[in-house]
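In what follows, a single structure is set out as structure tokens and then discussed.
Chain letters run A, B, ... following the sequence lines, proteins first, then strands; residues in each count from 1.
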Number of protein chains: 2
Amino acid sequence: MSLPFDVLADPTRRRMLELLLERPRLVGEIAHDLELSQPRVSKHLRVLRDGGLVTVRAEAQRRWYQIRTEPLADLDAWLAPYRRLWTEHLDQLERHLETMPDTPEEQ
Amino acid sequence: MSLPFDVLADPTRRRMLELLLERPRLVGEIAHDLELSQPRVSKHLRVLRDGGLVTVRAEAQRRWYQIRTEPLADLDAWLAPYRRLWTEHLDQLERHLETMPDTPEEQ
DNA sequence: CTTCAATATACCTTAACAGTTATATGCCGT
DNA sequence: ACGGCATATAACTGTTAAGGTATATTGAAG
């Protein structure tokens, strides 16, 4: 399970994903909507594709890009153990901190 | 809400966070457990700290680093709209795809 | 007050990556 | 067959970031 952190680290790619969340799109559409050059979009789509976050469907010269959820589900799974820290027992962390030696804070 | 993607993009930092999930740790502990040089650990901790993912508590020359959940909760929130794609109505996407023009797949 | 221990940081090198411009590829219409 | 459209990729450039080594800082202990 390779996590999509690197792929999602780029804000442009996240904006593209956000568009693709609504519906599949053409390269040109994305470039237009986000005001990006076409090669730039193609390159990012390549990265998204290599990371498994999108798939392509060819229609003549057009390419329909569509979101793929698996890596996002993996990310969700990665978050699980941390999520408990701020949901279930929020005070469990607090109690833990009280266990720590009591010394002046830095910064 | 600045997302912690860049910070978490580094696998070493993710391993460090994983350690800190159990309990707060000293720099030296982390370096030892993960077999990393001390400066390397300090540098990563700096990034984690700037990203709000950890806080420090000074105890003499020791520094106790402890996890901070807010950015992770932000990440969780970011995931929310996507999460629906693979939980609630998995077939909603499928239905959407059937709406698309039917052309040969690429790769 | 000197020395050692724990940590932070400066400096340097290298690698990766985003962006641009130019070009290639493939398909459609005429 | 030909010109144009949609997309991909190559080549190049600039920036950023990680890692290493060396050094600075601060507190403790003797």
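With sequence neighbours left out, B:R15 forms a side-chain hydrogen bond (donor to acceptor under 3.5 Å, both in side chains) with no residue at all. In this structure A:D74 satisfies the side-chain hydrogen bond (donor to acceptor under 3.5 Å, both in side chains) test with no other residue, sequence neighbours excluded. Looking at residues two or more places apart in sequence or on another chain, you find no salt bridge (charged side-chain N to carboxylate O under 4.0 Å, His left out) involving A:E18. Scanning for salt bridge (charged side-chain N to carboxylate O under 4.0 Å, His left out) contacts around A:R13 gives an empty result, with sequence neighbours left out. Under the rule for a side-chain hydrogen bond (donor to acceptor under 3.5 Å, both in side chains), A:D6 has no partner lying at least two apart in sequence or in another chain.
A:L34 places its CG atom 12 Å from the P atom of C:dG19, with the value rounded to the nearest Å. Distance A:R62 CZ to C:dT25 P: 22 Å, rounded to the nearest Å. Taking atom CD1 on B:I30 and atom C1' on C:dA6, their separation rounds to 13 Å, with Å as the unit. As rounded to whole Å, 15 Å separates atom P of D:dA17 from atom CG of B:L8. Per the geometry, CG belonging to B:L26 stands 16 Å off P belonging to C:dA5, to the nearest Å. One interatomic measurement links the two molecules: CG of A:L48 to C1' of D:dT7, which rounds to 16 Å at whole-angstrom precision. Residue B:H32 contributes atom NE2, which lies 16 Å from atom P of C:dA5 at whole-angstrom precision. Distance CD (A:E59) to C1' (D:dT7): 14 Å, rounded to an integer number of Å.
Salt bridge A:D50/A:R46: present, at least one basic N to carboxylate O contact under 4.0 Å.
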(message) Counting primed atoms plus P, OP1 and OP2 as sugar-phosphate and everything else as base, spell out the protein contacts along nucleotides 18-30 of chain D at 4.0 Å heavy-atom distance: B, S or - for each nucleotide, 5' to 3'.
(response) BBBBB----BS--
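Between B:R46 and C:dA8 there is no side-chain N or O to OP1 or OP2 distance below 4.0 Å. Between B:Y65 and C:dA8 there is a side-chain polar atom (N or O) within less than 4.0 angstrom of OP1 or OP2.
Within the nucleic acid shown, B:L45 has no heavy atom closer than 4.0 Å to any nucleic acid atom.
For the pairing with B:Y65, the side chain to side chain contact (heavy atoms under 4.5 Å, CB included) check across B:T55, B:V41, B:V54 returns one residue only, B:V54.
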